[in-house]
Amino acid sequence: MNNDPYTLAGEAAAALRGAAGLDSFDVALVMGSGWVPAADAIGETVSEIPFADLPGFRAPAVAGHGGKIRAVRTAGGRTALIFLGRTHLYEGLGVDAVVHGVRTAAAAGVRTLVLTNAAGGLRPETQGVGDPVLISDHINLTGANPITGTTFIDLTEVYSRRLRDLVREIDPSIAEGVYVAFRGPTYETPAEIRMLRTLGGDLVGMSTVLEAIAAREAGVEVLGVSLVTNPGAGLSGEPLDHEEVLEVGRATAARMGVLLAKAVDRL
Ligand code: 8IG
């Protein structure tokens, strides 16, 4: 048995193709906390497989993450893989586990990846809770990288300008921002939030950046969208609460679903 992560991704991709009866998929979407309820708007379900039934995947640990991969056909005739849940670095399963879904999607033929997440907002002056923000760039403070060895990948445009422009044609009011990733699972201290604002960050979270790097390694074009679910620690005078994050997601699911459904058919 070969446990190389890229080989495992190929095996998982073959299983997904088989279950859906499709040779390839156009696009993959990773639905972060708050985005899972939006998945139903993307298209008609063709097949659904729990993570636990696929090579290299584990059931996700976080409440609010569904833990399966759905194959769908969109209204415009595209085929999409929707990852309902993801593995986070803070779960301690390692970097390969975090990016396994992205490598599987790439192996399944996907050329465009939509990474969604819920994030803390670093600019409450201009960001409303419940607003989507297009990720324009990232600052990777996880201390990790999915690539080992002398593969020097260009990260000048991790989050495709073409895809961001396309989403703004659908919703011109949507803002852009720089996403900062920490390993977590703690939220930040107020001092760390002040540091991130000084560094030029607009959003803070615990996902997405390693997946985006793995996608670029595979030559996959990336669209990143954050749902702002709370102001960063110390910015609002209130403590941070995971339940509140999930509630914002439930309240905004319909809007997010409509946005993504329109975007996927134009990618
Ligand atoms: I939702 O404020 C969500 N995820 N690191 N900080 C970090 N991750 C988050 C936050 C936040 N909000």
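Only this structure's heavy atoms are used, side chains among them; waters, hydrogens and symmetry mates stay out. Bear in mind the structure is a predicted one, so any value in this text is a computation, not a measurement. First listed ligand is number 1; within each ligand, the first listed atom is number 1.
- Annotation for ligand 1: atoms under 4.0 Å from non-hydrogen atoms of Leu240 are 2 (O).
- Each of the atoms 2 (O), 3 (C), 10 (C), 11 (C), 12 (N) of ligand 1 lies under 4.0 Å from some heavy atom of Gly120.
- In this structure a side-chain-to-backbone donor-acceptor pair under 3.5 Å is missing from Thr45 to Ser47.
- A salt bridge does not link Arg216 to Glu221: none of the charged nitrogens lies less than 4.0 Å from a carboxylate oxygen.
- A donor-acceptor pair is defined here as one N or O able to donate and one able to accept, closer than 3.5 Å; such a pair exists between the side chain of Trp35 and the backbone of Asn117.
- Annotation: atom 3 (C) of ligand 1 to nearest protein heavy atom, Asn230 OD1, 3.5 Å.
- Here the protein heavy atom with the shortest distance to atom 5 (N) of ligand 1 is Glu188 OE2, 2.5 Å.
- Of the protein's non-hydrogen atoms, the one nearest atom 11 (C) of ligand 1 is Tyr187 CD2, 3.5 Å.
- Taking the six-membered ring where tryptophan is involved, the planes of Phe51 and Phe83 are essentially parallel, since the angle between them stays under 30° and well short of 60°.
- With a heavy-atom cut-off of 4.0 Å, Ala119 touches ligand 1 through its backbone alone.
- Nearest protein heavy-atom neighbour of atom 1 (I) of ligand 1: Thr229 OG1, 2.9 Å.
- Nearest non-hydrogen protein atom to atom 8 (N) of ligand 1 is Gly205 CA, 3.3 Å.
- Residue contact annotation: Gly184 has no non-hydrogen atom under 4.0 Å from ligand 1.
- Checking side-chain atoms of Arg103 against main-chain N and O of Ala9 turns up no donor-acceptor pair under 3.5 Å.
- For ligand 1, the polar-atom distance check finds no N/O of Gly232 at less than 3.5 Å from any of the ligand's N/O atoms.
- Nearest heavy-atom pair, Leu113 versus Val102, reported as atom, atom and distance to 0.1 Å: CD2-CG2, 3.8 Å.
- Salt bridge status for Arg70 with Asp40: present, with a side-chain N to carboxylate O gap under 4.0 Å.
- At distances below 3.5 Å, not a single donor-acceptor pair connects side-chain atoms of Asp165 with backbone N or O atoms of Arg162.
- Within ligand 1, the atoms closer than 4.0 Å to a non-hydrogen atom of Met206 are 5 (N), 7 (C), 8 (N), numbered from 1 in the order shown.
- The nearest protein atom to atom 4 (N) of ligand 1, hydrogens excluded, is given as Ala118 O, 3.8 Å; this is a heavy-atom distance.
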